[in-house]
Amino acid sequence: MGLSLGCLACCICPTACGCCCSFCPTAKSSTTTRLMYALMLIVGTIMSAIFLSDEVASKVLKSNDICSLFKKVWHLDTSSECVDNKDVEKYFSYFAVYRIYFALASFFFLFSVIMFHVRTSRDPRAFFQNGFWLIKWAMVIAIAVGAFYIPAGQFEEVMVGIGMTGAWIFIVIQLILLIDFAHSWNESWVSRAEDSDHKGWQCALLTVTFGMFAIAFTAFVLLLVFFTGTGGCSLNKFFIGFTFVLCVVATIISILPKVQEATPTSGVLQSGVVFLYCMYLTWTAVSSEPYGPGENCNVDSRGGTNGTHTAYTGNQTTTSIIGILVAFAMVIYACVYTSSTKNLGRLTGKGDEGESTMLCDSRASDEDVENNVYDNEKDAVVYSYAFFHFMCFLASLYLMLMMTGWYRPSDATDIKKFDNNWPSVWVKMTSAWVCIGLYVWTLIAPVVLPDRDFGR
């Protein structure tokens with residue numbers, strides 16, 4: 001009985017969650033709150049993947065009542081039969097995913113407005129931020145159910161316009177964080193190597209740097225082998241070659257004497273991080289190319305006679321799923337990491353003020369520890385509530401486009417081919433080039449603007 005009451009109280013008060021699990025480790029309320037919001041994104045993505053399955057859509061539409069409601073609300077051809085109709089199943093899967101992410105995006109955008117300028121957990125809005133989970137889940141479900149009654153057509157066009165803008169902003173923020181992470185990593189390891197009498201940190205620095213460059217060069221060779229075919233494929237050759245040349249140029253710039261003098265902590269470690277990530281983006285881009293019959297530039301479209309387009313094999317399916325998992329992991333990382341007051345200050349140019357957002361912290365009073373989840377924001381919040389929800393809002397739009405093939409319903413109904421289309425190819429490739437451009441700017445900015453403090 002006590003356990004049930006504790007779990008029920010968890011839906012209202014965040015510190016009561018500890019009553020459900022007395023053996024759980026001590027955690028901050030700021031951490032558990034963000035994990036709960038991240039769970040919303042995870043559940044939404046799982047539900048979207050389920051709706052994208054042909055088997056699920058087929059079983060759902062076997063009900064005459066659901067079929068009639070679906071065609072009436074979404075203004076589909078009433079003469080079409082739902083059962084064993086692949087076109088109707090595609091529409092149903094595609095439209096359902098847009099409405100699920102519309103609910104998530106609306107929820108997070110609303111909370112980004114409500115939570116604006118919250119300074120401490122003593123603010124009444126902070127209590128709603130960290131508790132009332134049952135009500136918040138009910139809000140998302142209610143918005144999703146209501147969205148299913150929105151007629152199809154202009155709704156999708158508006159959503160894709162908003163989604164493209166939001167996804168691009170999200171990708172740019174990811175790139176800024178990646179470059180900042182690379183600089184911080186290199187600065188930390190270089191300082192430890194200089195302060196230590198042991199050669200361990202130097203060996204670790206050299207090993208990791210060499211390893212990343214080795215993987216990046218291997219990826220470059222494999223991309224040329226598997227994505228340029230036996231002839232033609234000039235666009236793929238341009239993508240792979242141009243990105244490789246830009247990465248090499250960026251690496252050379254990072255070790256120039258003037259750059260080293262202006263930024264002593266710059267080096268090849270962060271170049272290796274950027275190089276490896278850009279090769280990853282290039283791989284995801286060329287893997288997303290929707291080549292048709294007779295074309296042989298995409299390894300995932302080979303396997304048939306004379307290079308005709310065939311269904312994915314088990315190996316390509318695994319590759320696609322791994323790519324989706326990597327992308328989703330980056331989404332969660334960006335949502336949680338970016339919203340800390342320290343990193344928000346870096347994004348806005350206000351410095352590094354802010355507290356750490358580590359998952360565990362031993363600095364808690366005995367009274368707080370009794371419930372395992374304690375309030376660590378009584379004096380000041382450790383992350384921006386409003387910006388955290390805004391990042392989740394952008395992440396919802398980004399995932400929405402990934403799951404729907406960047407507004408290509410004909411390509412989005414196969415769970416193994418989430419994003420095979422040309423718009424996603426160009427978004428990913430331009431993202432790689434922007435990443436290199438931003439990294440090069442962080443290297444040359446202290447040289448061309450010597451009077452400005454860049455915080456390094």
Side-chain angles (χ1 to χ4, degrees), residues 1-51 96-97 99-116 118 120-150 328 331-332 335-336 339 357 359 367-378 381-393 395-396 399-400:
M1 182 66 178
L3 179 62
S4 300
L5 291 176
C7 293
L8 180 61
C10 181
C11 298
I12 302 176
C13 179
T15 57
C17 294
C19 298
C20 296
C21 183
S22 59
F23 56 83
C24 292
T26 301
K28 305 173 184 178
S29 62
S30 61
T31 298
T32 57
T33 295
R34 283 179 287 177
L35 292 177
M36 286 294 290
Y37 285 118
L39 181 62
M40 287 185 174
L41 283 175
I42 295 173
V43 172
T45 302
I46 293 174
M47 292 299 299
S48 298
I50 291 174
F51 274 108
V97 171
R99 281 151 178 80
I100 290 173
Y101 281 109
F102 168 77
L104 288 170
S106 300
F107 172 83
F108 287 122
F109 183 78
L110 175 63
F111 265 65
S112 70
V113 174
I114 294 175
M115 298 299 165
F116 180 73
V118 175
T120 72
S121 61
R122 294 184 176 90
D123 190 309
R125 293 173 294 171
F127 193 70
F128 194 55
Q129 162 78 3
N130 298 318
F132 294 98
W133 294 107
L134 187 61
I135 296 176
K136 287 185 280 194
W137 278 98
M139 287 175 60
V140 174
I141 294 173
I143 297 173
V145 172
F148 272 81
Y149 287 89
I150 300 176
F328 191 77
V331 165
I332 298 299
C335 285
V336 175
S339 60
T357 54
L359 293 181
E367 180 182 353
D368 290 331
V369 172
E370 288 181 3
N371 286 327
N372 285 1
V373 179
Y374 66 92
D375 184 1
N376 64 315
E377 299 179 302
K378 292 179 180 179
V381 296
V382 297
Y383 70 102
S384 169
Y385 290 178
F387 193 71
F388 170 78
H389 288 293
F390 185 70
M391 282 299 299
C392 289
F393 163 72
S396 300
L399 289 169
M400 177 186 71

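Computation of the quantities below employed the complete heavy-atom set of this structure, encompassing side-chain atoms and omitting hydrogens, waters and symmetry-equivalent molecules.
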What I'd like to find out is whether the side chain of Ile42 reaches to under 4.5 Å of the side chain of Ile46, using heavy atoms alone. yes
Heavy-atom closest contact (Leu41 atom, Ala395 atom, distance): CD1-CB, 4.2 Å
Assess the pair Phe107 and Trp137: is the distance between their ring centroids shorter than 6.0 Å? no
Could you go step by step and tell me if Arg34 and Tyr385 meet the side-chain contact (heavy atoms from CB on, under 4.5 Å) rule? CA-CA 10 Å; Arg34 283 179 287 177; Tyr385 290 178; over 6 Å; no
Using a 4.5 Å cut-off on heavy atoms from C-beta on, say whether the side chain of Phe108 contacts that of Ser396. yes
Mark yes or no for whether Arg125, through its side chain, and Phe116, through its backbone, hold a donor-acceptor pair below 3.5 Å. yes
Answer yes or no: is there a side-chain heavy-atom contact under 4.5 Å between Trp133 and Thr33? yes
Mind telling me whether Phe51 and Phe148 have parallel, tilted or perpendicular rings, with 30° and 60° as the class edges? tilted
Rounded at 0.5 Å granularity, tell me how far CG in Leu104 sits from OG in Ser48. 7.5 Å
Report the distance from atom CE of Met139 to atom CZ of Phe111, rounding to the nearest 0.5 Å. 5.0 Å
Atom pair OG/CG of Ser112 and Leu110 - distance to nearest 0.5 Å: 7.5 Å
Taking all atoms of both residues into account, what is the closest heavy-atom pair of Met115 and His389, and its distance? CG-CD2, 4.1 Å
Within the distance-only criterion (no hydrogens, no angle test), does the side chain of Arg99 pair as donor or acceptor with the backbone N or O of Ala144 below 3.5 angstrom? no
For Phe128, is the CZ atom crowded, meaning more than 12 foreign heavy atoms sit under 6.0 Å from it? yes
Indicate whether any N or O donor in one side chain lies under 3.5 Å from an N or O acceptor in the other, for Tyr101 and Thr45. yes
Residues Val140 and Met40: closest non-hydrogen pair is CG2-SD, 4.3 Å
Rounded distance (nearest 0.5 Å) linking atom CD1 of Ile141 with atom NZ of Lys136: 14.0 Å
If you take all heavy atoms of Gly44 and Ile100, which pair is closest and at what distance? O-CG2, 3.9 Å
